[in-house]
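The analysis underlying the following values was restricted to heavy atoms, covering all of them including side chains, and did not include hydrogens, waters or symmetry mates. The first residue in the sequence is number 1, and the count goes up from there.
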Amino acid sequence: MAPHGDAIACTYLRNKDFSKPPRLSNDSLQRTISDISFELSKEIDDEILKTKLPPINEVEDAKCECCGMCEECTPEYINRVREKFSGKWICGLCSEAVKEETEKNGGKGEEALNTHMNHCVRFNRLGRAYPVLCQAEAMREILRKSTRVRAKSLSPKEKGAKKGGIARSSSCMPAITKEMNELSIGN
């Protein structure tokens, strides 16, 4: 049935000789495509005009109190961020760093924020002006941490506790060298 309830009258050809539709010239085909695209573009333009969002007039520049980056934000967003981070506005990148720092130190948000701000201040003071010094300081920090870890692993945990493993008092190379020399002299 057709959409309006009318029956569709249709004739079927029972013979196998189907006639091909007449060939269209390229010009008429191009005109047809052009007309269809024009109609579609008019419909799309009408839809865009109907669904266009109103412009946001209340946009302010907010400067991150950690890294100094500026962003355009609505006052509502600025207030939400300030409520979340103790009255300080920080950018999205710094807020992610503070979240990770909070997870590291056991959920102390204020301490994580202060730690991140100290890192940013130190970076802005040295890192931007003297990038080589910043890299050297980072390497120094890595070495300092690795020596702390090594010192902890070498120090005994308890006095009088039985140590595992073999302790070496001196090198065995002189004894081997002496034996080799005696063998070569004896031959």
Side-chain angles (χ1 to χ4, degrees), residues 37 39-177:
S37 64
E39 290 297 321
L40 286 175
S41 68
K42 279 179 36 181
E43 288 178 19
I44 291 172
D45 289 342
D46 291 342
E47 287 179 28
I48 290 174
L49 290 175
K50 290 177 187 175
T51 61
K52 199 171 197 180
L53 295 174
I56 299 173
N57 295 329
E58 301 177 14
V59 174
E60 298 177 7
D61 282 339
K63 186 175 181 179
C64 179
E65 295 182 34
C66 290
C67 65
M69 186 175 78
C70 288
E71 289 183 10
E72 291 181 345
C73 305
T74 61
E76 294 85 20
Y77 178 72
I78 293 171
N79 290 333
R80 277 191 314 221
V81 171
R82 283 195 172 135
E83 287 172 8
K84 191 174 183 180
F85 295 106
S86 312
K88 297 177 181 162
W89 192 87
I90 61 174
C91 66
L93 187 62
C94 289
S95 73
E96 287 299 316
V98 169
K99 284 179 192 175
E100 286 185 19
E101 190 70 32
T102 303
E103 290 173 6
K104 272 195 233 176
N105 69 12
K108 299 174 187 171
E110 186 70 30
E111 186 179 316
L113 180 62
N114 289 333
T115 302
H116 179 70
M117 288 185 83
N118 290 336
H119 284 297
C120 284
V121 166
R122 190 173 64 189
F123 176 75
N124 285 334
R125 189 181 56 219
L126 286 176
R128 293 184 194 262
Y130 308 103
V132 174
L133 285 178
C134 186
Q135 185 178 11
E137 185 178 350
M139 292 299 294
R140 195 174 99 203
E141 197 65 34
I142 290 170
L143 287 172
R144 187 179 295 149
K145 286 181 182 178
S146 68
T147 55
R148 276 189 224 140
V149 169
R150 233 183 272 132
K152 286 181 183 177
S153 67
L154 294 177
S155 66
K157 293 183 174 108
E158 295 178 15
K159 288 191 174 186
K162 191 174 182 180
K163 293 182 183 178
I166 300 172
R168 197 172 90 184
S169 60
S170 65
S171 175
C172 60
M173 289 306 290
I176 294 173
T177 308

Discussion item. Would you compute the distance between atom CE of Met117 and atom NZ of Lys88 and round it to the nearest 0.5 angstrom?
Written reply: 4.5 Å
Practice prompt. Considering non-hydrogen atoms only, spot the tightest contact between Val98 and Phe85 and give its length.
Written response: CG1-CE2, 3.8 Å
Worksheet, complete the sentence: Rounded to the nearest 0.5 Å, the CD1 atom of Ile142 sits from the OG1 atom of Thr147 at a distance of 12.0 Å
Discussion item. Just checking Leu93: does its CG atom have more than 12 heavy atoms from other residues, nucleotides or ligands closer to it than 6.0 angstrom?
Written reply: no
Item to complete: Start with the C-alpha gap between Arg80 and Glu83, add the side-chain angles, then the distance that decides, and say whether salt bridge (Lys or Arg N to Asp or Glu O under 4.0 Å) holds.
Response: CA-CA 5 Å; Arg80 277 191 314 221; Glu83 287 172 8; over 6 Å; no
Item to complete: Measure the OG-CD distance between Ser95 and Glu100 for me, rounded to the nearest 0.5 Å.
Response: 10.5 Å
Worksheet item: What pairs meet the salt bridge (Lys or Arg N to Asp or Glu O under 4.0 Å) rule with one or both residues in residues 108-126, with sequence neighbours excluded?
Response: Arg122-Glu137
Discussion item. Nearest 0.5 Å, please: how far is CD in Glu141 from OG in Ser146?
Written reply: 10.5 Å
Let me have the donor-acceptor pairs involving side chains of residues 59-67, under 3.5 Å, with sequence neighbours excluded, atom names and distances please.
residue, atom, partner, partner atom, Å
Glu65, OE2, Trp89, N, 3.2

Worksheet item: Which heavy atom in Cys91 sits nearest to a heavy atom in Glu71, and how many Å separate them?
Response: CB-OE2, 3.5 Å
Worksheet entry | Enclosure of Phe123 CZ (heavy-atom neighbours >12, cutoff 6.0 Å) | yes
